[in-house]
Number of protein chains: 2
Amino acid sequence: MNKQKTIFDPIKRTRTFEDVSDKIKQLIFDDVLKPGEKLPSEAQLAQQFGVGRQTVREALRLLEISGFITIHRGGSGGPIIKDTILNRISDLFLDAFRIKKVTLAELTVARLEIEKVVLNYVIDNVEESDIISLQKNVAEARKKIDNKIVATEENIQFHTLLAQASRNHVFFIVVESIMAIVGDFLSRIGPDVKTSDNVVSYHEDIVKAIAEKKRTKAINLLEQHLLEVRNRLKPFVNQKKESNSK
Amino acid sequence: MNKQKTIFDPIKRTRTFEDVSDKIKQLIFDDVLKPGEKLPSEAQLAQQFGVGRQTVREALRLLEISGFITIHRGGSGGPIIKDTILNRISDLFLDAFRIKKVTLAELTVARLEIEKVVLNYVIDNVEESDIISLQKNVAEARKKIDNKIVATEENIQFHTLLAQASRNHVFFIVVESIMAIVGDFLSRIGPDVKTSDNVVSYHEDIVKAIAEKKRTKAINLLEQHLLEVRNRLKPFVNQKKESNSK
DNA sequence: TCACATTTGTCCGTATGTATC
DNA sequence: AGATACATACGGACAAATGTG
């Protein structure tokens, strides 16, 4: 996978379970194995690859942690192809926050800049179906607000829909990863209805500006919106956060 | 680690190796275990935690892939606390790009936009050490060119160094992931010395503009440079790309 | 250079927990 | 409830790698 990542890693010690994992990964990349499909059981895989069960176990563990498969126990259980990579990325980002490798300030800056770029691209490439999706999203959010319910889920989805409308997978993957982290923060903070209402208002205006192809207006709205979000999150930046045991 | 991540994930039965992994993670978060320190061997950990060696192995595997430790074999080997989490995130982004079948066209567009934003931040946040790293990079590249050797590796590294100079880890991770794929393409295309020379020239000018804090000049140079790269890659945009074997 | 000790990597056999039918 | 199929976990054993004397 990642050879010569650094020049300092000289010898390529190839561990069998990594070979097995890479082989299965390759089958997924090549669409031979598709999401939803079941992999053979550990015992069968061990036999087919001609390795021990322990080796297969560690290969599957690697794939599970890397977000390629999920594993279920019990009858008719076993490994299933399922893409959870973006969740894994946000998990690792959260770990990175904990060991102070990445700060919330860095994240919000990156988010602001990348979303601005994305929005600019959306104006040029947006299709009718995207606008409908966005309008549907804000309509549902507004409905919740009217019933005094916070619309956190919809408000996060708004930004991933926006990234989707850029018709660029790189933008989509990056934005969705970032929003997964933002969502995690928000779930801990627990926004109130008034805040949620404010967010939805911005989203409504942004959708309108996109539909009318008003580029600078849309970008200004987004910037103002995200700056407000950043200010709301600011108090939590340096907050001592003990991990979630339960 | 990740309880109630999504509402749809019903009950997270706790697996023993996850408990072991979480315990060690917590010790790292709490600075009880610091980078560089050695963990006990698998056998010792198994005894101390009162679990089997296989369970410890899977826990260590999880920590390894999550970027908390590295593992070495042989005498005086074993697990060592080492933070490689950002590399792990980059690897996952790389996987995400592959699994989502990101096209070269999407990649070059996103790269152009994101690097422009990054460079803007570089101008504001660059430190002396960054400029020295960049100068060293182009000097080595120039040396290779003078000897009629292509400097692909240095030319890719240039852009990750640039992202590093933005002093924003999120930018760095994203750019590093993108450049990994770009490098993958270039290694297959095999640029000639003349092309490589052209690239190095741009890099030299960009470094100079950064050192002189000439913002618009630097950004214009980068844009022109990346547009030329895009044009060179254009013939390969629709080429069937089988992913990386090794 | 040559053992030697340590530690991970791999395999086997077995037992238990867990989910499905 | 019982049978089945699967992951999870334990213990023992040997092979391979690697630093040390």
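All chains are named by letter (A, B, ...) in the order of the sequence lines, taking the proteins before the strands, and each is independently numbered beginning at 1.
- Axis angle between the ends of the helix from dC2(C)-dG21(D) to dC21(C)-dG2(D), five pairs each and rounded to 10 degrees, works out to 10°.
- Residue Thr152(A) holds its OG1 atom at 12.5 Å from CD of Gln157(A), rounded to the nearest 0.5 Å.
- Not a single salt bridge (Lys or Arg N to Asp or Glu O under 4.0 Å) links Asp192(A) to another residue, sequence neighbours left out.
- Nearest nucleotide to the side chain of Arg61(A), out of dT10(C), dT8(D), dG9(C): dT8(D).
- Classification of the Phe93(A)-Phe93(B) ring pair by plane angle, with boundaries at 30° and 60°, yields perpendicular.
- Here Phe171(B) pairs with Tyr121(B) under the ring pair (Phe, Tyr, Trp, His ring centres under 6.0 Å) rule; sequence neighbours left out.
- Residues from residues 40-49 of chain A that place a heavy atom under 4.0 Å from any atom of DNA chain C: there are none.
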Could you go over nucleotides 2-5 of chain D and give all protein N or O partners under 3.5 Å, atom names and distances?
from   : atom 1 : to       : atom 2 : distance (Å)
dA5(D) : N3     : Gly75(A) : N      : 3.3

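- Counting to the nearest Å, the C1' atom of dT8(C) and the NE2 atom of His72(B) are 12 Å from each other.
- Phe158(B) and His203(B) have parallel rings, their planes meeting at less than 30° on a 0 to 90° scale where 60° marks the start of perpendicular.
- Remark: C1' of dT16(C) and CZ of Arg73(A) are 11 Å apart, rounded to the nearest angstrom.
- Residues satisfying the ring pair (Phe, Tyr, Trp, His ring centres under 6.0 Å) criterion with Phe68(B), sequence neighbours excluded, are Phe29(B).
- His169(B) contributes no side-chain N or O that, together with a main-chain N or O of Leu86(B), makes up a donor-acceptor pair within less than 3.5 Å.
- Atom CD of Glu18(B) is separated from atom C1' of dA7(D) by 13 Å (rounded to the nearest Å).
- Residues meeting the salt bridge (Lys or Arg N to Asp or Glu O under 4.0 Å) test with Lys23(B), sequence neighbours left out: none.
- Residues satisfying the salt bridge (Lys or Arg N to Asp or Glu O under 4.0 Å) criterion with Arg142(B), sequence neighbours excluded, are Asp197(B), Glu204(B).
- Phe172(A) meets the ring pair (Phe, Tyr, Trp, His ring centres under 6.0 Å) test with no other residue; sequence neighbours excluded.
- Atom CG of Asp19(B) and atom C1' of dA9(D) are 13 Å apart (whole Å).
- Atom P of nucleotide dC6(D) and atom CD1 of Ile69(A) are separated by 15 Å, given to the nearest angstrom.
- Applying a 4.0 Å cut-off to non-hydrogen atoms, the residues of residues 50-60 of chain B that approach DNA chain D are Val51(B), Gly52(B), Arg53(B), Gln54(B), Thr55(B), listed by residue number.
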Kindly indicate, with the supporting measurements, whether the criterion side-chain contact (heavy atoms from CB on, under 4.5 Å) is fulfilled by Ile80(B) and Ile69(B).
CA-CA 5 Å; Ile80(B) 297 177; Ile69(B) 66 171; over 6 Å; no

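- The distance from atom CD1 of Ile71(B) to atom C1' of dA17(D) is 14 Å, rounded to the nearest whole Å.
- Every pair passing salt bridge (charged side-chain N to carboxylate O under 4.0 Å, His left out) that includes a residue from residues 34-53 of chain B is listed here, sequence neighbours excluded: Glu42(B)-Arg53(B), Glu42(B)-Arg57(B).
- Going from atom CZ of Arg15(A) over to atom P of dA17(D) covers 13 Å, rounded to whole Å.
- Applying the salt bridge (Lys or Arg N to Asp or Glu O under 4.0 Å) criterion to Glu127(B), with sequence neighbours excluded, gives Arg167(B).
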Met179(B)/Asp184(B) under side-chain contact (heavy atoms from CB on, under 4.5 Å): CA gap, chis, key distance, verdict:
CA-CA 8 Å; Met179(B) 292 315 297; Asp184(B) 202 60; over 6 Å; no

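- Spacing between atom CG of Leu39(B) and atom P of dT6(C) amounts to 19 Å, rounded to whole angstrom units.
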